[in-house]
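Read through the structure below, which is laid out as structure tokens, and then see the notes.
For clarity, every value in this text was computed on a predicted model and none was experimentally measured.
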Amino acid sequence: MVTALRYQFIIDGELSERALAAFPELSASNRAPGAVTALYGPVTDAAALRGLLARIDALGLTLLELRQMPD
């Protein structure tokens, strides 16, 4: 059984509802409105991680930080 790892993506700025809709598998929180948005949740494998990074890039978002979260 493969266990999904939890990741956190810190994105520059506050994401619109439309941008957030591009990441249905992730939860979002704003640390400080307008400053950054944290997206977090389980990522099943390396291909899924690459897919998330590609969506971030395709939307023109700036990824400030990516980290694997503890279980």
Side-chain angles (χ1 to χ4, degrees):
M1 180 174 150
V2 176
T3 303
L5 298 174
R6 290 175 32 89
Y7 282 89
Q8 181 180 51
F9 304 81
I10 306 298
I11 308 293
D12 189 30
E14 187 172 353
L15 300 187
S16 67
E17 289 299 319
R18 184 174 179 184
L20 289 173
F23 304 97
E25 68 274 62
L26 300 176
S27 299
S29 68
N30 294 328
R31 291 184 179 168
V36 297
T37 300
L39 299 174
Y40 55 92
V43 178
T44 54
D45 57 22
L49 180 59
R50 286 191 300 275
L52 286 165
L53 293 171
R55 273 186 268 164
I56 290 169
D57 184 53
L59 290 169
L61 303 175
T62 301
L63 180 65
L64 299 174
E65 184 177 342
L66 168 63
R67 74 172 76 164
Q68 185 179 331
M69 300 171 66
D71 294 334

Taking side chain as C-beta onward, heavy atoms only, is [X] less than 4.5 Å from [Y]?
| X | Y | result |
| --- | --- | --- |
| Val36 | Ile11 | no |
| Leu63 | Leu61 | no |
| Ile10 | Tyr40 | no |
| Leu52 | Val43 | yes |
| Ile56 | Phe23 | yes |
| Phe9 | Leu53 | yes |

Which value, rounded to the nearest 0.5 Å, describes the distance between Glu65 atom CD and Asp12 atom CG?
->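 If we round to the nearest 0.5 Å, Glu65:CD and Asp12:CG are 12.5 Å apart.
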What distance do Arg67 atom CZ and Gln8 atom CD have between them, rounded to the nearest 0.5 Å?
->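 One gets 5.0 Å once the value is rounded to the nearest 0.5 Å.
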Measure across [X] and [Y] and return the closest heavy-atom pair with its distance rounded to 0.1 Å.
| X | Y | result |
| --- | --- | --- |
| Leu59 | Ala19 | CD1-O, 4.3 Å |
| Thr44 | Ala4 | CA-CB, 3.9 Å |
| Arg6 | Pro70 | NE-O, 4.1 Å |

Should Leu5 and Leu49 be marked as a side chain to side chain contact (heavy atoms under 4.5 Å, CB included) after you check the CA-CA gap, both sets of side-chain angles, and the distance that decides it?
-> CA-CA 10 Å; Leu5 298 174; Leu49 180 59; over 6 Å; no
Determine yes or no for a side-chain-to-main-chain donor-acceptor pair under 3.5 angstrom, with Thr37 supplying the side chain and Gly13 the backbone.
->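 Looks like yes, one N/O pair under 3.5 Å.
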Are the side chain of Arg55 and the backbone N or O of Ala22 linked by a donor-acceptor pair below 3.5 Å?
->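 Checking the backbone N and O of Ala22 against the side chain of Arg55, a donor-acceptor pair under 3.5 Å is found.
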